[in-house]
**Q** 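First the structure, then my questions, so here it is.
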Number of protein chains: 2
Amino acid sequence: MSNLKRPLESLPTQISAQIMTHIREEGLVEGAHMSAQSLADRFGVSRSPVQKALAQLVADKVVRHEPKRGFFVTGEGLTIASRSDSNDPLAETYLQIADDRLRGELPDVVSEAALRERYDLTQADLRSLLLRMQMEGWLHKRRGYGWMFHEMLTTPDGLEQTYRLRAALEPAILLEPGFRLDPKVLNQLIEVEKRMLDGEIDTASIESLYARGVNFHEALAEASGNPFMLDSLRRVNQVRRLLAYRSMVDRSRYYGQAREHLEILDLISRGSMVEASVAMRHHLGSVMVSLQRIEPLLR
Amino acid sequence: MSNLKRPLESLPTQISAQIMTHIREEGLVEGAHMSAQSLADRFGVSRSPVQKALAQLVADKVVRHEPKRGFFVTGEGLTIASRSDSNDPLAETYLQIADDRLRGELPDVVSEAALRERYDLTQADLRSLLLRMQMEGWLHKRRGYGWMFHEMLTTPDGLEQTYRLRAALEPAILLEPGFRLDPKVLNQLIEVEKRMLDGEIDTASIESLYARGVNFHEALAEASGNPFMLDSLRRVNQVRRLLAYRSMVDRSRYYGQAREHLEILDLISRGSMVEASVAMRHHLGSVMVSLQRIEPLLR
DNA sequence: TTCTGCACTTTGGTCTATTAAAATGCAATT
DNA sequence: AATTGCATTTTAATAGACCAAAGTGCAGAA
């Protein structure tokens, strides 16, 4: 019916990725047994997609199957990225539309028929895309017919505006009374930043660098315990990603960012939330400044 | 930006309400001619729904129709609230679901079939509701089957959390470099607050009082020129409305609010944005305090 | 007892055709 | 020249049938 979420990957594929992460995080070793029900419970689905996920993993030799006994970890194949069926044609079209819009090749108002023809989409696929864009807040249905792009994607200083929102929001996130960062998560965040400084800034893909930055900030928002703040940040980041694709090309500034992230994490670990909040304000300020140095080059 | 589809009222009815507002705001008097095309352009639709809207208004005697010549203002009927087909059954169900959820009568996870049966909805109506709730951020589709309510509606101190987000966001809104409040809008806002103090606080409906408060804050966010801030505020207000229905019963605190609103507007009109920002911070702080006095009574 | 494997049920996504409604073109009228 | 009134075209919502995929119950093996 509605197709709101048309997963970028099928449920079994998602689950198999989650199982691999699970094995890694729980440190399961060769021979460990995994029951379908426990996995299903953990991931909040039924055994059906878990069965299929396990079948995929058997094909990848990550787990071994013994008839009537179940599935066992082999200890192999965990380094493999995952069977990324990332040939998802919808994700590509999604970015294509965003890019076409940012380059001014799509008008403010478009009809579904026009989009369907231009990108050669089925009704269901188009619908899925439109809903996703609407949910992310950069496209909305007009009264009458047609869809309209949100001004977010039109104004020239959109990126700066996102930073000013974050500069208001994120320092406050650290001052939330319910703030509590799980030590496990804290350590993971620290590890990521250290690996970044140890060279991954130069080797990782641009998308991956962006994703890690977002992950740092959203992990803190999640720790705040305030779902409204988390939601606001997530939404702005979603749109920011579209804007950022066109500008974030300077890897060097990630070094300063990583150091500042580490400083903030250090203050949090010591419970100095006020200082952490100040550091966050400074961090976002400095990102904004470095942005202003870059942006003119793009105009 | 809400209203994905299935407008709460049909397009012609929406338009006829807009035409009435238009007549009032532009001060059109008896005999003034209105062309269908100019109205259509102004409201961003085609002439078709405008024609139907005008036909409705003829029935209401707000405009007069002369064959082959067009439509003319009569000067009558403008005080009438509007032909509010507000017997919209969906809006009622929408609030019913929210309320049932807040009262804990609906589980965290529900299937579409269960909702359809419980509220006796057609597939299309249910879908419309689900999309709206999903857009507002308090319900989302799970992987697999079923829908899940967002924690926003579960946590006991939800309302306070919305205020803390606003306390971070709204003072910053007033400091946006692009902030510019149309003098016409400024005067309208001042008028509303004055009328409130002149007695409407005691006579207007609770919904109406709430709507005016929201309108004040969102008008400022709109004036900021930062669509991301506006969007965040709108979203939090949308959910807040659900939470607020259950607690805002104390009319007296609106007096203090109205005076603080006027003070902020005064500072804005004199261009003292920093002072206005401080006043806004104080305003939200005092609202939060008065909230804490009320809330324990409800638990 | 726990868990698997498989049968079976339920859910909701997809497809096609239909239809209501909005957009638009144009001759007639002012 | 501008605008109306109506006819025509375009658009997207809806209904119904179908079916793939997720959820669930249970007998039997471990």
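Per chain, numbering begins at 1; letters A, B, ... match sequence-line order. Computed over heavy atoms, backbone and side chain alike; hydrogens, waters and symmetry mates excluded.
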**Q** Quick one: on DNA chain D, does B:Q51 or B:G144 contact a more 5' nucleotide (nearest heavy atom)?
**A**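 The residue closer to the strand's 5' end, by nearest nucleotide, is B:Q51.
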
**Q** Tell me the interatomic distance from B:W147, atom CH2, to C:dG12, atom P, rounded to whole angstroms.
**A**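 In whole Å, C:dG12 P and B:W147 CH2 are 9 Å from each other.
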
**Q** Please state how far atom CD in B:Q14 lies from atom P in C:dA22, giving the value in whole angstrom units.
**A**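 Interatomic distance, CD of B:Q14 to P of C:dA22: 10 Å.
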
**Q** Compare the minimum distances between each of C:dT30, C:dA22, D:dA12 and the side chain of B:S46, then state the nucleotide with the smallest one.
**A**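 Nearest to the side-chain atoms of B:S46, counting from C-beta on, is C:dA22.
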
**Q** Please state how far atom CZ in B:F71 lies from atom C1' in D:dA2, giving the value in whole angstrom units.
**A**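 Those two atoms, CZ and C1', are 16 Å apart.
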
**Q** Do the charged groups of B:R64 and B:E66 touch, with an N to O distance under 4.0 Å?
**A**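 Looking at B:R64 and B:E66, the cut-off is met.
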
**Q** Looking only at the side chain of B:S111 (C-beta and beyond, no hydrogens), which of the listed nucleotides C:dG12, C:dA23, C:dT24 gets closest?
**A**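 Among the listed nucleotides, the one closest to the side chain of B:S111 is C:dG12.
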
**Q** Is the shortest side-chain N to carboxylate O distance from A:D231 to A:R235 below 4.0 Å?
**A**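 Salt bridge flag = no for A:R235 with A:D231.
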
**Q** From CG of B:L54 over to P of D:dG5, roughly how many Å is that when rounded to an integer?
**A**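 Answer to the nearest Å: 10 Å.
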
**Q** Just compare C:dT16, D:dA21, D:dG5 and give me whichever is closest to any side-chain atom of A:Q123.
**A**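 Closest nucleotide among those given: C:dT16.
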
**Q** Nearest-Å distance, CZ (B:R143) to P (C:dG13)?
**A**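 From B:R143 CZ to C:dG13 P: 15 Å.
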
**Q** Could you say whether A:A36 or B:G146 is positioned toward the 5' end of DNA chain C, judged by the nucleotide with the nearest heavy atom to each?
**A**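 That would be A:A36.
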
**Q** For A:M148 and C:dA23, give me the distance from atom CE to atom P, rounded to whole Å.
**A**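 The answer, rounded to whole Å, is 13 Å.
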
**Q** Side-chain N or O of A:H33 versus OP1/OP2 of C:dT4: is the shortest distance under 4.0 Å?
**A**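 Yes, A:H33 has a side-chain N/O under 4.0 Å of OP1/OP2 on C:dT4.
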
**Q** Are more than 12 heavy atoms from other residues, nucleotides or ligands located less than 6.0 Å from atom CD of A:E30?
**A**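 Enclosed: over 12 neighbouring heavy atoms sit under 6.0 Å from CD of A:E30.
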
**Q** Main chain of B:G44, side chain of A:R142: is a donor-acceptor contact present, judged purely on distance under 3.5 Å?
**A**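 Yes; judged by distance alone, with no hydrogens or angles, the pair exists.
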
**Q** Quick check on C:dG5: is either OP1 or OP2 less than 4.0 Å from any side-chain nitrogen or oxygen of A:H65?
**A**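 The answer is yes; a side-chain N or O of A:H65 sits under 4.0 Å from OP1 or OP2.
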
**Q** How many whole angstroms separate atom CG of B:D41 from atom C1' of D:dT3?
**A**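 My rounded result for the distance is 13 Å.
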
**Q** Out of C:dA22, C:dG12, D:dG5, which has the shortest distance to the side chain of B:Y145?
**A**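 The answer is C:dG12, which lies nearest to the side chain.
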
**Q** Using only heavy-atom distances, decide whether a donor-acceptor pair under 3.5 angstrom links the side-chain of B:R69 to the base of D:dG5.
**A**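 Not at all, since no donor on one side and acceptor on the other fall under 3.5 Å apart.
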
**Q** Counting distance alone, no hydrogens or angles: does the base of C:dG12 have a donor or acceptor under 3.5 Å from a partner atom on the side chain of B:R116?
**A**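 No such pair is found, so the answer is no.
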
**Q** Which whole-number value in Å describes the distance from B:R47 CZ to C:dA21 C1'?
**A**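 My rounded result for the distance is 15 Å.
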
**Q** Consider the side chain of B:K68, meaning its heavy atoms from C-beta on, and name the nucleotide among C:dT11, C:dT29, D:dA22 that approaches it most closely.
**A**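 So the side chain of B:K68 is nearest to C:dT29.
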
**Q** If you check the B:E112 side chain, which of D:dT4, C:dG13, D:dA21 turns out closest?
**A**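 The nucleotide sitting nearest to the side chain is C:dG13.
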
**Q** Side chain of A:S35 only, heavy atoms from C-beta on: which candidate in D:dG5, D:dA22, C:dC3 is closest?
**A**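 Output: C:dC3.
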
**Q** Tell me if the CD atom of B:E117 is crowded by more than 12 foreign heavy atoms within 6.0 Å.
**A**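 No - once you tally the heavy atoms of other residues, nucleotides and ligands closer than 6.0 Å, there are 12 at most.
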
**Q** Taking 4.0 Å as the cut-off, does a side-chain nitrogen or oxygen of A:K141 come that near to OP1 or OP2 on D:dA12?
**A**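 No, no such contact exists.
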
**Q** Where the side chain of B:S16 meets the backbone of B:L57, is there a donor-acceptor pair that is under 3.5 Å apart?
**A**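 Here the side-chain-to-backbone pair does not exist.
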
**Q** Do A:S48 and D:dA21 share a donor-acceptor pair, side chain to base, under 3.5 Å?
**A**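 No pair found.
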
**Q** On DNA chain C, does the nearest nucleotide to B:K52 precede the nearest nucleotide to B:V110 from the 5' side, or the other way round? Give the residue.
**A**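 Nearer the 5' end of the strand: B:V110.
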
